K.L.:
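Dropping a structure here in structure tokens format, bear with me for questions.
A quick note: this is a predicted structure, and the numbers were derived from the prediction, not measured. Count residues from 1 along the sequence.
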Amino acid sequence: MRVLLDLAKCQGHLRCHEAAPQVFGFDDDGLALLLTEEGIVPAGLEEAVKLAESNCPERAIDVVD
């Protein structure tokens with residue numbers, strides 16, 4: 001599973017970081033960033049990443065298999 005983050009849509013709500021802090025961090029401007037290499041979701045964090053996707057008000061997160 002991979003996660004994609006559209007930085008053009010991110011507004012810095014950081015709900016993704018709250019749901020999956022091992023996968024989503026934030027930069028100095030308060031915008032989300034991916035902490036995993038090439039967006040690969042580590043085993044055991046799939047549900048947290050799906051929660052982050054569904055909670056993003058800007059729909060800046062896409063999960064792909």
K.L.:
Do the side chains of N55 and C16 get nearer than 4.5 Å, heavy atoms only?
P.N.:
no
K.L.:
Please tell me whether L34 and I40 are part of a single hydrophobic cluster in this structure, the criterion being side-chain heavy atoms less than 4.5 Å apart.
P.N.:
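The answer is no; the residues belong to distinct hydrophobic clusters.
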K.L.:
Spell out, as yes or no, whether a donor-acceptor pair under 3.5 Å connects the side chain of E53 to the backbone of V63.
P.N.:
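Yes: the side chain of E53 pairs with the backbone of V63.
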K.L.:
Would you say the side-chain atoms of R2 pair up with the backbone N or O of E38, donor to acceptor, closer than 3.5 Å?
P.N.:
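It does hold such a pair.
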K.L.:
What are the two closest heavy atoms between H13 and P57, and how far apart are they?
P.N.:
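The pair with the smallest heavy-atom distance is CD2-CG, 3.3 Å.
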K.L.:
State yes or no: do L4 and V49 share one hydrophobic cluster built from I, L, V, M, F, W and Y residues joined by side-chain heavy-atom distances below 4.5 Å, directly or via other members?
P.N.:
no
K.L.:
R59 side chain to S54 main-chain N or O, any donor-acceptor pair under 3.5 Å?
P.N.:
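Yes: the side chain of R59 pairs with the backbone of S54.
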K.L.:
Looking at every heavy atom in both A20 and A48, which two are closest together, and how far apart are they?
P.N.:
CB-CB, 3.9 Å
K.L.:
Mind checking the CG-NZ spacing from L7 to K9? Nearest 0.5 Å is all I need.
P.N.:
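Rounded to the nearest 0.5 Å, the CG-NZ separation comes to 11.5 Å.
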K.L.:
Using modelled atom types only, decide if a donor and an acceptor are shared between the side chain of E46 and the backbone of G44 within a distance under 3.5 Å.
P.N.:
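Flag set: sc E46 to bb G44 pair under 3.5 Å.
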K.L.:
For P42 versus T36, what's the shortest heavy-atom pair and its separation?
P.N.:
CD-CG2, 3.8 Å
K.L.:
Does any non-hydrogen side-chain atom of C10 lie less than 4.5 Å from one of E58?
P.N.:
no
K.L.:
For a 4.5 angstrom cut-off between non-hydrogen side-chain atoms, does L35 reach V23?
P.N.:
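Side chain of L35 against side chain of V23, heavy atoms only: no contact under 4.5 Å found.
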K.L.:
Can you give me the closest heavy-atom contact between L33 and F26, atom names plus distance?
P.N.:
CD2-C, 3.7 Å
K.L.:
Whether the side chain of D29 engages the backbone of L31 through a donor-acceptor N/O pair (distance < 3.5 Å, no angle test) should be reported.
P.N.:
no
K.L.:
Between atom CG of D62 and atom CG of D6, what is the distance when rounded to the nearest 0.5 Å?
P.N.:
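Here the rounded value is 8.0 Å.
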K.L.:
Could you grab the distance from atom CZ of R15 to atom SG of C56, nearest 0.5 Å is fine?
P.N.:
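Reported to 0.5 Å precision, the distance equals 8.5 Å.
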K.L.:
Could you tell me whether the side chain of V3 reaches within less than 4.5 Å of the side chain of F24, counting heavy atoms only?
P.N.:
yes
